[in-house]
Amino acid sequence: MNARKIIDEATAVIFDLDGVLVNTAIFHYQAWRRLAKQFNFDFTEVENEQLKGVSRVDSLNLILKWANKEVPIEEKEQLATLKNTWYLELVENMRNGDVLPGTIDLLTYLKTTDKKIALGSASKNAVRILEKTGILHYFDAIIDGNAVRHSKPDPEVFLKAAAEVGVAPATSVVLEDAQAGIEAARAANMQVIAVDKSHVLTNYNARVNDLSEILISE
C-alpha cells in the first residue's frame, strides 16, 4: 500500500517532530557534540543516529557510556539542562515556515479532509518549536516528552496521542524517521510511514523520502 492510500484511509495522523516536520535534529547533534567535548569524547553523526527518538536523559546516559564517563545523578540533571539550554538557543533562531518539504501542504490537506492531527515526540520543546515555525494551530493534540514516562520504542506516546484525539490505534498512522519510533508505532498497532531518505529503516508499511512525496503518490 502506498503512503497516500494509508493517509486517506486513516482517521488520525500522528507525526514525529525532528526529521519529519522540522530539521531540528542538527541542533540536537550540535548541542550533544558540544557537551561531549567536555568529556573529551568525539561525538559523531554515527552515534547521533542512535539517539533519534530517544529521550534527553536516555541520550545523555548513552553518551556517558560511550565516553566511559560516570557522573552522579545530580550532575546528570545539570548536564541535561545545559544541553537543552544550548539546543534552545539554536531553536530560537527558527522562523515561521522553517519546516521540511511538504509539511505545510500535507497538514493543510489533512485539515481539509477532517483528519485528526497529533504530535507524538520525545522532545520536551515541541510546543515552542511548533510555535516558532508557525504550525502549532494544525494540531489537535500534542504528546511530547513532558507527557510520557517511557521513551520509544515503548508505544506510550502514540497510544496517548490516539486517545487524546479519540480514535482507535488501529485507525491511526504514524510518520516516523527513526527505527525506535517505527517499533513504537508497531507496538501500538498502528500503521507506519517511514520518512527515510537513506533507506536504512525497516518494518514500515510505506516509505517516502520526505513529506512532499505523500500527496503525489498514487
Side-chain angles (χ1 to χ4, degrees), residues 14-96 98-100 103 119-136 139 142-158 160-161 175-184 195 197-198 200-201:
I14 306 173
F15 292 87
D16 179 42
L17 180 63
D18 295 338
V20 174
L21 296 171
V22 297
N23 189 23
T24 52
I26 186 63
F27 298 160
H28 283 295
Y29 173 59
Q30 290 169 351
W32 282 127
R33 184 172 173 79
R34 184 176 176 183
L35 188 72
K37 285 183 178 178
Q38 295 193 355
F39 313 131
N40 296 315
F41 175 57
D42 184 22
F43 180 65
T44 69
E45 293 185 28
V46 174
E47 285 101 7
N48 189 59
E49 284 295 310
Q50 298 179 55
L51 302 186
K52 281 187 174 181
V54 179
S55 71
R56 190 185 310 158
V57 172
D58 289 341
S59 293
L60 175 60
N61 285 332
L62 279 172
I63 290 173
L64 291 172
K65 177 183 176 182
W66 295 330
N68 293 314
K69 179 77 173 179
E70 292 187 10
V71 300
I73 294 177
E74 55 272 20
E75 186 177 343
K76 285 184 179 181
E77 294 175 359
Q78 295 171 359
L79 290 171
T81 299
L82 181 60
K83 179 268 174 181
N84 193 52
T85 298
W86 291 336
Y87 170 72
L88 287 177
E89 288 174 356
L90 297 168
V91 167
E92 286 304 309
N93 291 322
M94 298 184 81
R95 295 290 180 266
N96 190 65
D98 281 351
V99 294
L100 289 171
T103 294
L119 189 81
S121 169
S123 173
K124 291 187 175 183
N125 305 297
V127 172
R128 184 57 177 158
I129 292 168
L130 296 179
E131 287 176 340
K132 292 289 289 184
T133 54
I135 59 174
L136 179 62
F139 290 84
I142 296 172
I143 307 298
D144 61 12
N146 299 299
V148 296
R149 297 181 60 187
H150 306 289
S151 298
K152 304 168 186 178
D154 190 282
E156 181 185 12
V157 67
F158 295 138
K160 281 193 170 184
L175 289 97
E176 260 288 354
D177 75 322
Q179 194 63 47
I182 289 176
E183 300 309 326
V195 182
K197 189 176 294 185
S198 300
V200 296
L201 302 179

task: Measure the shortest side-chain to side-chain distance between Leu51 and Phe43 over non-hydrogen atoms and say whether it is less than 4.5 angstrom.
output: yes
- prompt: In Å, rounded to the nearest 0.5 Å, how long is the span from NZ of Lys76 to CD of Glu70?
  reply: 8.5 Å
- prompt: Is Lys152 close to Val157 at the side-chain level, that is, under 4.5 Å between some pair of heavy atoms?
  reply: yes
field: Closest non-hydrogen atom pair between Ala161 and Ile14, with its separation
entry: CB-CD1, 3.9 Å
- prompt: Does a side-chain heavy-atom distance below 4.5 Å link Val200 with Gln179?
  reply: no
query: Quick one: does Leu60's side chain get under 4.5 Å of Leu64's, heavy atoms only?
result: yes
- request: Using the six-membered ring of Phe158, assess whether NZ or CZ of Lys160 lies under 6.0 Å from its centre and within 45 degrees of the ring axis.
  value: no
Salt-bridge contact Arg149-Asp154 (side-chain N to carboxylate O under 4.0 Å): no
message: If you compare all heavy atoms of Gly145 against all heavy atoms of Lys124, which two are closest, and at what distance to 0.1 Å?
response: O-CE, 3.6 Å
message: Can you give me the closest heavy-atom contact between Trp32 and Ile63, atom names plus distance?
response: CE3-CD1, 3.4 Å
task: Taking the side chain as every heavy atom from C-beta outward, state whether Thr133 and Val22 have any pair of such atoms under 4.5 Å apart.
output: yes
message: For a 4.5 angstrom cut-off between non-hydrogen side-chain atoms, does Arg56 reach Asn125?
response: yes
message: Taking Glu92 first and then Lys132, would you say they form a salt bridge - that is, a charged N and a carboxylate O separated by under 4.0 Å?
response: yes
task: Go through the steps for Leu82 and Gln38 under the test side-chain contact (heavy atoms from CB on, under 4.5 Å), then give the verdict.
output: CA-CA 12 Å; Leu82 181 60; Gln38 295 193 355; 3.9 Å; yes
field: Asn48 and His28: side chain donor to acceptor below 3.5 Å
entry: no
Chi angles and distances behind the side-chain contact (heavy atoms from CB on, under 4.5 Å) call for Asp42, Arg33: CA-CA 7 Å; Asp42 184 22; Arg33 184 172 173 79; 2.9 Å; yes
query: Can you tell me if Glu156 uses its side chain to pair, donor with acceptor, with the backbone of His150 under 3.5 Å?
result: yes
- prompt: How about Leu119 and Leu21: do any of their side-chain heavy atoms sit closer than 4.5 Å?
  reply: yes
query: To the nearest 0.5 Å, what is the distance between CD1 (Ile135) and CD1 (Ile129)?
result: 9.5 Å
task: Would you confirm whether Asp58, through its side chain, and Ser55, through its main-chain N or O, come within 3.5 Å as a donor-acceptor pair?
output: no
statement: Heavy-atom nearest pair, Asp144 first then Ser123, reads CB-O, 3.0 Å
- request: Quick one: pull up NZ in Lys69 and CZ in Phe41 and give me the separation to the nearest 0.5 Å.
  value: 13.5 Å
statement: Taking every heavy atom of Ser121 against every heavy atom of Leu17, the minimum-distance pair comes out as OG-CB, 3.6 Å
message: Could you measure the distance from the CD atom of Gln50 to the OG atom of Ser59? Nearest 0.5 Å is fine.
response: 10.5 Å
field: Between OG1 on residue Thr44 and CH2 on residue Trp66, distance to nearest 0.5 Å
entry: 8.0 Å
query: Roughly how far apart are Phe15 CZ and Leu130 CG, rounded to 0.5 Å?
result: 11.0 Å
message: Do Glu176 and Leu201 have side chains that approach each other closer than 4.5 Å (heavy atoms only, starting at C-beta)?
response: no
Lys/Arg N to Asp/Glu carboxylate O, Asp177 vs Lys197, below 4.0 Å: no
- request: Write down the atom of Gly134, the atom of Asn96, and the distance for their closest heavy-atom approach.
  value: CA-OD1, 3.0 Å
message: Given 3.5 Å as the limit, does a donor-acceptor pair link the side chain of Thr85 with the main chain of Thr81, or not?
response: yes
